[in-house]
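In listed order, ligands and their atoms are each counted from 1. Side chains are part of it too, since the values below use all heavy atoms of this structure and drop only hydrogens, waters and symmetry mates.
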Amino acid sequence: MFIPVSQPYISPLMKKLSMEAVDSGWISSLGEFQKRFSSSLESFYSPYLALTCSSGTTALHLALEALGIGDGDSVIVPDISFVATVNAVLYSNASPIIVPVDQLNGTIDLDLLPRFITEQVKAVVVTHLYGISCDMQKLSEICQSHGIFLVEDCAESFGSFSDPTCEQLLGTFGHASCFSFYGNKTVTTGEGGAVLFRDQSHFDRASLLRDHGMSPSQRYFHLMKGYNYRMTNIQAALGFAQLEEFSVIKEHRLLLQQHYLNYSSDSSFSISPSESHILPWLINISTSDHINDPIYYNSLSLYLKSHGIDSRPLFRPFHTFDYLSTYSLDPSIYHSSFTFCNSAISLPTYIGLTEDNIKYICHTLLGFTHV
Ligand SMILES: Cc1ncc(COP(=O)(O)O)c(C=O)c1O
């Protein structure tokens with residue numbers, strides 16, 4: 001037996017609807033499921049307008065260009081996220097400004113953020129890392145007071161709320177929110193993504209950019225340098241089916257979180273995210289006995305593997321990547337990134353992981369001794 005970190009949830013409804021898309025002959029980007037998936041996303045994230053696209057990465061690129069960000073502009077990003085967050089800024093010909101993160105949860109450090117806002121800064125891209133957000137009210141106020149755009153990278157936070165009151169979903173604070181539907185994500189279409197906007201004009205511009213910049217009223221008249229960032233109708237059928245079954249997905253993922261919390265309660269390991277307003281994408285474990293100790297977590301990972309359990313390290317800080325060195329500032333300001341990313345690993349988290357599997361994982365963890 002080998003327990004992977006992730007496995008996609010593929011239900012009979014997903015198979016049925018994707019075959020319907022195939023049988024209809026509408027296998028490229030046009031088709032009924034496109035409309036149905038977009039309108040499901042819109043009901044979920046009301047009052048936002050939803051545009052499907054080929055990935056979370058292209059969603060971020062479309063968001064930035066649709067907001068008018070380009071040459072000479074700067075965009076703030078956190079030091080820790082998946083690399084697509086910062087690459088999208090480069091694709092838009094803007095310059096990223098890499099801001100330190102909170103050492104406990106890896107989200108952008110809001111106390112330091114205002115110091116990085118210069119005249120050139122046009123937007124902040126905030127990642128809700130592993131489904132966890134910074135104080136979104138505070139961040140919205142900072143962006144508003146400086147007249148800059150707020151873009152939410154929701155690739156890891158589908159269905160998560162900003163706080164325990166569950167009043168506002170993550171993805172409904174910004175001018176744009178970007179989602180990934182990659183195979184390991186909470187909602188998946190295989191590959192795929194979506195970008196959501198509050199403003200009709202931003203949505204219209206993103207639609208043009210996604211569809212080769214072609215005029216919606218005159219075929220083969222191109223109004224700007226666009227892209228082909230479309231999702232297929234088959235992918236949209238998968239996504240639509242997943243949203244139809246979202247209550248099942250949500251219930252299962254919250255149950256996984258509960259089992260991890262229960263079965264690790266007698267150990268020195270802590271589980272994150274541990275609060276039920278966060279719908280876990282990946283469950284991370286850490287121990288306060290080993291902070292900023294990559295050797296410990298690496299050997300924990302190898303030990304788990306030898307017992308048939310896969311795990312994965314956390315994302316690495318952007319400021320350590322050579323190709324981004326021109327954008328990072330004095331390395332000493334980023335020490336909190338290492339405290340965060342060298343103090344945990346991600347454990348198996350997917351629908352289909354059983355209570356017995358989690359019991360076994362937590363029991364195995366208890367047997368680990370670091371030498
Ligand atoms: C935070 C974050 N942003 C962006 C992406 C990019 O999404 P995709 O892989 O669909 O391009 C991911 C996905 O891995 C992610 O985790």
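- The nearest heavy-atom contact from the protein to atom 4 (C) of ligand 1 is Asp153 OD2, 3.6 Å.
- Which parts of ligand 1 touch Ala155 is read off a 4.0 Å heavy-atom cut-off, strictly below it: atoms 1 (C), 2 (C), 3 (N), 4 (C), 5 (C), 12 (C), 15 (C), 16 (O).
- In terms of N/O distances under 3.5 Å, ligand 1 is not approached by Ala84.
- A distance of 6.0 Å or more separates the ring centres of Phe340 and Phe315.
- In this model, no donor atom of one side chain and acceptor atom of the other lie less than 3.5 Å apart for Asp356 and Thr354.
- Aromatic rings from Tyr260 and Phe269 are positioned such that their centres are separated by 6.0 Å or more.
- The shortest N/O to N/O separation between Glu156 and ligand 1 falls below 3.5 Å.
- Taking every heavy atom of Ser55 and a limit of under 4.0 angstrom, the matching atoms of ligand 1 come to 10 (O), 11 (O).
- Ligand-side atoms of ligand 1 in range of Gly56: 7 (O), 8 (P), 10 (O), 11 (O), range being under 4.0 angstrom from any heavy atom.
- The two residues Met214 and Leu208 come nearest to each other via the heavy atoms O-CD2, 3.1 Å.
- For atom 13 (C) of ligand 1, the closest heavy atom belonging to the protein is Lys185 NZ, 3.0 Å.
- Donor-acceptor pairing under 3.5 Å is recorded for the side chains of Thr58 and Ser55.
- Residue contacts with ligand 1 for Thr127 involve side-chain atoms from C-beta outward but no N, CA, C or O (heavy atoms, distance under 4.0 Å).
- On a distance-only criterion, Tyr182 and ligand 1 share no N/O pair closer than 3.5 Å.
- Ring geometry for Phe318 versus Phe321: interplanar angle of 30 to 60°, hence tilted.
- Using a 3.5 Å distance cut-off with no hydrogens or angles, the side chains of Tyr350 and Asn357 do not pair a donor with an acceptor.
- A centroid separation of less than 6.0 Å is found between the aromatic rings of Phe44 and Phe158.
- For Glu191, the heavy-atom gap to ligand 1 stays at 4.0 angstrom or more.
- What sits closest to atom 11 (O) of ligand 1 on the protein, heavy atoms only, is Thr57 OG1, 2.5 Å.
- The nearest non-hydrogen atom to atom 7 (O) of ligand 1, considering only Cys178, Ser180, Gly183, comes from Ser180.
- Of the protein's heavy atoms, Phe82 CD2, 3.6 Å lies nearest to atom 5 (C) of ligand 1.
- Aromatic ring orientation, Phe338 versus His319: perpendicular (interplanar angle above 60°, classes split at 30° and 60°).
- At least one heavy atom of Ser81 sits under 4.0 Å from some atom of ligand 1.
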